[in-house]
Amino acid sequence: MSATSHARRGRRTVARHGELRSPTPVGFLLKIVGIVAAVLLVSGAGVAAYAATDVVASFADGAVELEGQGSVPPDIGAIEGGVDLLLVGTDECEEQYAYLFGDRCTGSDAEGQLNDVNMLVHISDNPRRVTVVSFPRDLMVPIPSCTREDGSTTSATSKTQINAAWGYGGLSCVAKTIKELSGFNIPFAAKVSFGNVINITDAIGGVDVCIGNGGIKDIYTGINWPAGERTIQGIEALQFLRTRHGLENGSDLARISNQQQYMSSLARKLVSDEVLSNPATLYKLATTAVDNITPSQSLTNPMTLVQIALAVKDVPFEDIVFVQYPVLTDPADANRVVPDRDSAEQLWAALQANEPIEVTHDQDQTGGVIVADPQPTEGATDPVTTPEPTGTPAPTETAVALPQNIPGQNAAQQTCSAGNVRAKG
């Protein structure tokens with residue numbers, strides 16, 4: 001929908017840059033770091049792969065070349081087939097950040113952890129596309145029988161809030177729950193605490209976000225920010241990712257849309273010259289990610305990380321899509337949601353068939369974000385374009401239009417937080 005039509009309908013648009021083109025590749029490892037780090041929540045496998053490569057390079061510094069023997073070319077390529085990876089964000093009460101969680105970290109539940117952020121990252125086979133599906137924390141689903149760390153097993157449940165899955169068996173149980181809900185095999189998984197998000201965001205010097213609707217005020221997360229552009233890092237990054245009361249809708253679904261704004265902006269920041277041309281920043285990001293992410297055993301092999309990174313290194317921003325799993329209001333509890341399985345089946349079918357997808361949901365109706373006007377800033381220059389290849393062009397694929405109750409955006413699009421300065425908390 002155009003900016004003109006938004007204005008005509010009285011939408012609260014905010015003037016920003018227009019939709020961004022994907023950057024021209026500027027180097028093998030650098031592009032890997034940029035794209036994969038954005039896709040895998042706030043870094044993950046991409047920067048871990050960079051760190052692994054750096055370690056290998058250090059190991060080779062003192063190597064001796066055998067006389068008469070040439071160099072052996074590396075025998076590694078992109079991981080074959082598609083990849084499905086689960087990313088979990090937990091709200092554990094880390095001492096230095098506990099004050100941000102209020103009652104959550106002072107009551108009887110203070111010692112526990114909840115998987116409040118659950119994202120299935122689907123990397124398709126050729127042509128490569130990346131889709132990140134977020135599952136609302138208030139989603140009521142069956143949780144299968146899981147094995148705890150002590151070897152005991154839990155009983156399966158028919159209807160439990162999805163963010164309780166961690167308590168039934170940690171990362172493995174969350175992966176098992178999402179596997180049964182989606183039908184996708186999930187061989188890889190990783191966990192990052194909300195507090196560690198701060199460290200990762202700081203490593204790249206912050207992320208630029210946009211605040212609309214007059215600003216955000218949320219007494220529970222300590223936000224009282226005016227409208228406009230804002231670079232967030234440190235505690236502000238965690239406050240921004242956790243806020244929902246400061247958003248127009250005030251729900252967890254609105255928070256997911258706001259988090260998608262953050263991730264899209266993070267993708268653009270990571271492939272900018274500010275990060276890509278600064279080796280010190282890249283290395284700091286890599287080592288910080290490795291120190292702050294808990295992976296499954298399947299992700300501890302550096303070669304696996306590099307192979308996953310290679311699989312997505314050339315994916316354009318338009319084909320990195322963040323969507324929310326479709327839901328309906330729970331008939332038994334208006335404060336909870338249940339799966340909209342008919343809409344979900346359309347999403348899963350498109351991903352299984354490796355078809356491009358198009359979000360048809362009106363961003364201005366999420367209550368979490370609003371559309372930014374595609375107007376260039378003063379003095380902006382036209383982006384550099386890559387010459388079209390010679391020969392017969394490949395046929396253009398028609399995108400599958402997702403049901404309107406699946407909100408989302410791709411990494412090329414820009415949105416602003418739908419703030420609610422009138423909110424009291």
Side-chain angles (χ1 to χ4, degrees), residues 38-41 81-88 115 117-142 162-163 165 174-189 251-261 263-264 267 311-312 315-330 336-363 365-366 368-369 397-413 415:
V39 171
L40 306 187
L41 187 55
V83 179
D84 290 291
L85 184 151
L86 176 69
L87 291 166
V88 175
N115 48 298
V117 175
N118 306 279
M119 302 198 305
L120 176 63
V121 181
H122 175 73
I123 304 170
S124 70
D125 198 0
N126 294 322
R128 297 289 189 180
R129 299 184 177 93
V130 178
T131 306
V132 182
V133 184
S134 294
F135 298 84
R137 69 171 187 171
D138 295 330
L139 179 63
M140 306 300 291
V141 296
I162 196 171
N163 71 341
V174 181
K176 194 173 181 180
T177 300
I178 299 296
K179 176 184 177 180
E180 293 201 358
L181 182 61
S182 65
F184 283 59
N185 185 42
I186 304 175
F188 307 110
S251 69
D252 185 55
L253 305 184
R255 172 161 49 194
I256 288 175
S257 294
N258 199 46
Q259 290 172 345
Q260 290 172 346
Q261 178 208 166
M263 289 186 290
S264 294
V312 299
V315 177
F317 285 170
E318 291 81 1
D319 286 331
I320 300 176
V321 184
F322 304 95
V323 297
Q324 176 201 291
Y325 181 80
V327 298
L328 301 168
T329 301
D330 186 349
R336 300 291 180 264
V337 293
V338 294
D340 180 345
R341 297 189 183 276
D342 289 341
S343 293
E345 281 305 313
Q346 296 181 56
L347 170 63
W348 301 138
L351 298 187
Q352 292 281 14
N354 195 12
E355 296 173 310
I357 57 176
E358 176 188 1
V359 175
T360 63
H361 183 93
D362 187 344
Q363 286 281 33
Q365 300 304 316
T366 66
V369 294
E397 295 182 275
T398 301
V400 173
L402 296 179
Q404 292 188 1
N405 67 330
I406 300 183
Q409 70 177 85
N410 65 49
Q413 296 171 327
T415 54

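What you are looking at is a predicted structure, and each value in this text was computed from that prediction instead of being measured. Along the sequence shown, the residues carry numbers beginning at 1.
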(Q) For F184 versus K179, what's the shortest heavy-atom pair and its separation? (A) O-CG, 3.2 Å
Q.
Nearest 0.5 Å, please: how far is CG in L139 from CG in N118?
A. 9.0 Å
Q | Residue list, side chain to side chain donor-acceptor pair (under 3.5 Å) with S124, at least two apart or on another chain | A | N354
Q | S251: partners by side-chain contact (heavy atoms from CB on, under 4.5 Å), with sequence neighbours left out | A | N249, L253, A254
**Q.** Atom CD of E358 with >12 non-hydrogen neighbours under 6.0 angstrom
**A.** yes
Q: Applying salt bridge (charged side-chain N to carboxylate O under 4.0 Å, His left out), name anything that partners D125, two or more places apart in sequence or on another chain.
A: none
Q: For N258, check side chain to side chain donor-acceptor pair (under 3.5 Å) against everything at least two apart and list the hits.
A: Q261, S417
Q. If you look at every heavy atom in L328 and P339, which pair is closest and at what distance?
A. CD1-O, 4.3 Å
Q.
Just so I know, are the side chains of D330 and V337 near enough to count as touching, which here means a heavy-atom distance under 4.5 Å?
A. no
(Q) I need the N115 CG to L87 CG distance, nearest 0.5 Å. (A) 12.5 Å
Q: Locate the shortest heavy-atom distance separating L120 from L86; write the atom from each residue and the value.
A: N-CD1, 4.4 Å
Q) Is there side-chain contact between Q259 and M119, with heavy atoms separated by less than 4.5 Å? A) no
Q. Pick from V133, I256, V132: which one makes a side chain to side chain contact (heavy atoms under 4.5 Å, CB included) with F322?
A. V132
Q.
Looking at every non-hydrogen atom in both residues, tell me the closest pair between V369 and T366 and how far apart they are.
A. N-OG1, 3.2 Å
Q: Please list, chain by chain and in numerical order, all residues satisfying ring pair (Phe, Tyr, Trp, His ring centres under 6.0 Å) with Y325, sequence neighbours excluded.
A: F135
Q: With sequence neighbours excluded, tell me which residues meet side chain to side chain donor-acceptor pair (under 3.5 Å) with H122.
A: D84
Q) OG1 of T398 to CD of E355: how many Å apart, nearest 0.5 Å? A) 9.5 Å
(Q) Going by the rule side-chain contact (heavy atoms from CB on, under 4.5 Å), which residues pair with T177 if we only count those two or more places apart in sequence or in a different chain? (A) V141, I143, P144, I162, A165, C173
Q: Any salt bridge (Lys or Arg N to Asp or Glu O under 4.0 Å) involving residues 128-139? Give me the pairs, sequence neighbours left out, ordered by first then second residue.
A: D116-R137, R129-E397, R137-D252
(Q) Could you work out, with side chain to side chain donor-acceptor pair (under 3.5 Å) as the rule, every residue matching Q409, not counting sequence neighbours? (A) S264, T415
Name each donor-acceptor pair under 3.5 Å that joins a side chain in residues 342-350 to protein atoms two or more places apart or in another chain, with its distance.
unit_1, atom_1, unit_2, atom_2, d
S343, OG, D340, OD2, 3.1
S343, OG, N405, OD1, 3.1

Q.
Using the side chain to side chain contact (heavy atoms under 4.5 Å, CB included) definition, which of the options V315, D319, V83, N410 pairs with V130?
A. V315
Q. Do you know the tightest heavy-atom contact between V359 and P407?
A. CG1-C, 4.2 Å
(Q) Nearest 0.5 Å, please: how far is CZ in R341 from CG in L181? (A) 6.0 Å
Q. Which pair of heavy atoms, one from Q260 and one from S134, lies closest together, and at what distance?
A. NE2-OG, 4.3 Å
